[in-house]
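Down below is the structure, laid out as structure tokens.
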Amino acid sequence: MTTIHPRETSPRAASALSAAGVSPLLARLFAARGVRSPVELDLSFKTLLPPTLLTGAREAAELLADAIEAGARMVIVADYDCDGATACAVGVRALRAFGADVHYLVPDRMRLGYGLTPPMVELAAKLDPEVLITVDNGIASIEGIAEARARGISTIITDHHLPGETLPDADVIVNPNQPGCGFPGKSLAGVGVMFYVMLALRAELRERGALENGREPNLANLLDLVALGTVADVVKLDHNNRILVSQGLQRIRAGNMQPGVRALFAVARRDAARATTFDLGFALGPRLNAAGRIADMSLGIECLLADDAGAALQRARELDRLNHERRGIEVEMQETARRILETFDADAVKCAGLTLFEPDWHPGVIGLVAGRVREREHRPTIAFARGQDGELKGSGRSIPGLHLRDALEIVARQTPALVLRFGGHAMAAGLTILEEKLPAFRAAFEEVVASLLDPADLQRRIATDGSLEAAEISLETVRLLEREVWGQGFPPPVFDNVFHVERQTILKDRHIKLELSLGGTRLEAICFNCAERVPDIIRAVYRLDINEYRGLSNVQLVLEHFEAA
């Protein structure tokens, strides 16, 4: 069952924002997202939290500055998602600009798995590094760090994932979520952490007088990468992250971006001059992620590191091709998942969590399948695929009310040896188990999830920003909303109204094109991945978009839910 609930807002906060010059619609939207003062809307770079507050940033900067002065070789070990790729690109570009001898490696998802494992250290050692730097991973790499230390390699962890009870014995750990770190911006993505370390390194090199004679790089030119990785990793867009994303988007819209980012906009057929967080999260991010899911993320990193426009475009086209291939794989896997669940009624059997496995599922795409099933069934969902040596690789997605990583930690603690490895966030996590243990894990996961969730949490609730008048549904309103920064924790606006359905047409057997009326005004609308008959009068939850066709631009409502009114 799905229920629609308008977000609670503070009339006093909305009035204060309006009095400060914020448009009435935006004032209402911001107030509903907890903004109480115009100061919270200042997204200028000067309001960014300083690197001095981030535990370990200065120590990492000192170690890196010493390495640069000594001409020591560094190797960055990246993660194979968009956050890891952008963090790696930020690190490589900045360190090379500072004069460092830096290289990078990214593990093969299928063969080496996630993070700085001992086999990954063995691979990195072939490059003869004196310093290993992890980006978007490392906080759980106890064995890998130990292997690096045994080889005499200095280690710096830059990560944002939640730590376990024991921390790796690295030379320096930079992670806003590590114990004792007082940095207020706990939601930094991996790329944000690496950007902060580079800010600290620049400050350290300034103090040492190593950036004289015009040798100081402008790190703000890397904010397009920071914005892309932050949005694509779906971290909470708190004030500090919204500054990073806003500054990155401003540079992209002004044409100041890496050639690889420009090429990704081109192959995605998106207008960089009107770039939004939606473009970063749903157009560029998936193309980069496709490399890590079904090929090698080195392709994505090389696209972001390319200085030649032609080379960047060539790599972006290959990423686009891989993304099309990934979509095909995902569609097949979703269809299999649909058949599995066809005769399954989660409410009837009182199932709190879902655990799915098919022997031929692709391990790089299971996270997307888990996400789709989670959306459809509104249940925490883990999808498994076969790994190596009798192991299953799992990727999970959660719902509000259940911290998925914490749930996995409880499973691992209550049933020792059931979960071989796990890690992640509140809403997404990964794990490894033995295939023979799947029934036991399914039962243990269900028991833990059922104990943590209230029955009300299993009912889908859609939060909206209320209704719009027909006159407010305009191109001007869409442009107004597009200029703002929306995302996880600061959700993009969705509205709900009652409409009369004047016409409906099925497109490609998958989507519904609609003509709606509201107060005598005709409006275009579309509902994706839905082929059911729409009632004559509906209450619809929708977001505003622009449909461009043959040079004409019209407002289009994208329906996210509808029900008979």
Side-chain angles (χ1 to χ4, degrees), residues 22-26 28-30 224 227-228 231-232 237 245-246 248-255 257 261-262 264-287 320 323 464-487 490-497 499 501-508 510-530 534 538 540-562:
V22 179
S23 76
L25 176 59
L26 285 179
R28 166 181 141 198
L29 297 176
F30 291 150
D224 58 330
L228 173 55
V231 173
L237 292 190
V245 173
S246 175
L249 283 173
Q250 287 180 42
R251 284 162 173 78
I252 290 171
R253 291 166 185 162
M257 67 194 103
V261 174
R262 187 186 303 276
L264 287 168
F265 269 98
V267 298
R269 297 181 181 178
R270 300 279 180 159
D271 182 2
R274 285 175 42 201
T276 66
T277 51
F278 190 87
D279 295 322
L280 301 182
F282 293 95
L284 276 66
R287 284 167 171 80
D320 188 53
N323 192 50
T464 80
D465 292 291
S467 61
L468 290 177
E469 299 294 331
E472 293 180 290
I473 303 177
S474 64
L475 288 173
E476 291 74 20
T477 298
V478 182
R479 304 290 191 210
L480 179 71
L481 299 179
E482 280 184 343
R483 289 193 289 269
E484 301 301 325
V485 174
W486 314 101
F490 204 81
V494 293
F495 307 96
D496 72 274
N497 282 80
F499 300 96
V501 178
E502 305 296 341
R503 185 179 303 166
Q504 54 185 294
T505 307
I506 302 294
L507 302 179
K508 300 179 181 179
R510 294 178 58 199
H511 317 301
I512 304 178
K513 183 75 173 177
L514 299 160
E515 184 177 306
L516 308 176
S517 64
L518 176 66
T521 300
R522 295 292 182 104
L523 300 163
E524 297 179 9
I526 192 166
C527 186
F528 292 109
N529 298 312
C530 176
V534 180
I538 59 172
V541 176
Y542 61 93
R543 60 181 173 85
L544 298 178
D545 195 13
I546 297 177
N547 183 32
E548 296 181 343
Y549 182 68
R550 293 182 177 178
L552 298 177
S553 298
N554 295 297
V555 177
Q556 178 174 254
L557 279 57
V558 179
L559 305 193
E560 299 191 350
H561 172 77
F562 65 84

Side chains of [X] and [Y] in contact at under 4.5 Å (non-hydrogen atoms):
X: Phe278; Y: Pro492; answer: no
X: Phe282; Y: Thr276; answer: no
X: Val231; Y: Val485; answer: no
X: Arg274; Y: Ile546; answer: yes
X: Leu557; Y: Val555; answer: yes
X: Val501; Y: Leu516; answer: yes
X: Leu481; Y: Glu484; answer: no
X: Phe265; Y: Asp279; answer: yes

Does the plane of the ring in Phe528 sit parallel, tilted or perpendicular to the ring in His511? Use 30° and 60° as the thresholds. perpendicular
Decide yes or no on side-chain hydrogen bond (donor to acceptor under 3.5 Å, both in side chains) for Asn554 and Tyr549, but give the supporting numbers first. CA-CA 8 Å; Asn554 295 297; Tyr549 182 68; over 6 Å; no
Pairs involving residues 470-479, ordered by first then second residue, that meet salt bridge (charged side-chain N to carboxylate O under 4.0 Å, His left out) (sequence neighbours left out):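 Sorted pair list: Arg479-Glu482.
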Partners of Glu524 by salt bridge (charged side-chain N to carboxylate O under 4.0 Å, His left out), sequence neighbours excluded? Lys513
Whether the side chain of Arg253 engages the backbone of Ala275 through a donor-acceptor N/O pair (distance < 3.5 Å, no angle test) should be reported.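 Yes; at least one donor-acceptor contact below 3.5 Å.
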